[in-house]
Amino acid sequence: MATGVRHDAMGGNISFALSDCYAKAEALARKVHSEARQIRESYREKQGLSPDLNLDSIAGVPESGTSKWGELTEEERLTENAVAFAAFHSLLGEVLKEQQDDLTPGDYQFHDALLSLLAKVEALAESTKQLLLSLGYPLPRAGEEREEKGLPYFEKKKRGYKVMVELCGWALRAVRGFSRLKRRNKKEEEGGKREVKKRGSRR
């Protein structure tokens, strides 16, 4: 059973390191959200899709909506993020290939934007895994290898759009989650400093 990292006076350096990790992960999640939102709109326009397009029939993309996010533990939030962003890294790679080979073969600027987002999603997935390890939590099992199936032309468009829509949602969830963990860690760090001060005053 994972016990996590102690956030007491003796663990001040660890607490400070975690605060730094949370801040970097939050900043990275904000970048992913910003870029994904921009690409989502660009993608929709390039593919001629309606903003009201029903995407429920598209399977295999992690859904970002949940009414129970506030009930999850720290470990559950981080684990879900790690699993989701690993999946999005794979999905974005497929979306990029489809754009290059079939949907927008000559739009190199758009491909570069997708490639930049792909790199940031990979970094965010790794940062989330590192936080799990730092807190003493087990890493999630590697997801099953996706079997790439040739999708019809319009289904490729829809699947790529859903990837961008859900990635925006997950990135926003990650921003809020990392911000919450950072604030909590800061309070525990300040509590540890006050405890050190109290102990010192008794000498």
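Predicted model, so just to flag it, every value in this text is computed and none were measured.
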May I ask you to check whether over 12 heavy atoms, not counting those of [X], lie within 6.0 Å of atom [atom1]?
X: Lys31; atom1: NZ; result: no
X: Tyr108; atom1: OH; result: no
X: Lys24; atom1: NZ; result: no

| task | Please identify each residue that fulfils side-chain hydrogen bond (donor to acceptor under 3.5 Å, both in side chains) with Lys162, with sequence neighbours left out. | result |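 Applying side-chain hydrogen bond (donor to acceptor under 3.5 Å, both in side chains) to Lys162 gives Glu63.
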[atom2] on [Y] to [atom1] on [X], rounded to 0.5 Å:
X: Arg173; Y: Cys168; atom1: CZ; atom2: SG; result: 13.5 Å
X: Tyr22; Y: Ser134; atom1: OH; atom2: OG; result: 8.5 Å
X: Leu117; Y: His89; atom1: CG; atom2: NE2; result: 10.0 Å

State, with a plain yes or no, whether a side-chain heavy atom of [X] is found less than 4.5 Å away from one of [Y].
X: Leu78; Y: Leu181; answer: yes
X: Trp170; Y: Val32; answer: no
X: Leu132; Y: Pro138; answer: no
X: Glu126; Y: Phe85; answer: no
X: Arg159; Y: Val163; answer: yes
X: Asn81; Y: Leu131; answer: no
X: Glu35; Y: Ser116; answer: yes
X: Leu91; Y: Pro62; answer: yes

Check the hydrophobic clustering (I, L, V, M, F, W, Y; side-chain heavy atoms under 4.5 Å; chains of links allowed) and say if [X] and [Y] are grouped together.
X: Val83; Y: Leu92; value: no
X: Leu96; Y: Leu167; value: yes
X: Leu55; Y: Leu172; value: no
X: Ile39; Y: Ile58; value: yes

| task | Please determine, by modelled atom types, if Ser34 and Arg30 share a side-chain donor-acceptor pair under 3.5 angstrom. | result | no
| Pair Glu74, Tyr137: side-chain N/O donor-acceptor within cut-off below 3.5 Å | yes
Donor-acceptor pair, [X] side chain versus [Y] backbone, under 3.5 Å?
X: Glu76; Y: Thr73; value: yes
X: Arg77; Y: Leu72; value: yes
X: Thr79; Y: Glu75; value: yes
X: His111; Y: Thr104; value: yes

| CA sep, side-chain torsions, deciding dist, call: Leu124, Phe178, side chain to side chain contact (heavy atoms under 4.5 Å, CB included) | CA-CA 11 Å; Leu124 186 55; Phe178 290 136; 4.0 Å; yes
Please tabulate, for the side chains in residues 43-54, all donor-acceptor contacts under 3.5 angstrom to protein atoms that are two or more places apart in sequence or on a different chain.
residue	atom	partner	partner atom	Å
Tyr43	OH	Lys156	O	3.4
Tyr43	OH	Lys157	O	2.8
Arg44	NH1	Leu49	O	3.3
Arg44	NH2	Glu41	OE1	3.4
Lys46	NZ	Asp107	OD2	2.5
Gln47	NE2	Gln99	OE1	3.1
Ser50	OG	Asp52	N	3.1
Asn54	OD1	Asp56	N	2.9

| query | Of all heavy-atom pairs between Ala171 and Ala29, which one has the smallest distance, and what is that distance? | reply | CB-O, 3.9 Å
| task | Evaluate the side chain to side chain contact (heavy atoms under 4.5 Å, CB included) criterion for residues Lys158 and Ser57: first the C-alpha distance (whole Å), next the side-chain angles of each, then the deciding distance (0.1 Å), finally the verdict. | result | CA-CA 9 Å; Lys158 288 174 62 178; Ser57 63; 3.4 Å; yes
| request: Could you please spell out the steps behind the side chain to side chain contact (heavy atoms under 4.5 Å, CB included) verdict for Leu135 and Leu18? | output: CA-CA 9 Å; Leu135 291 162; Leu18 280 175; 3.9 Å; yes
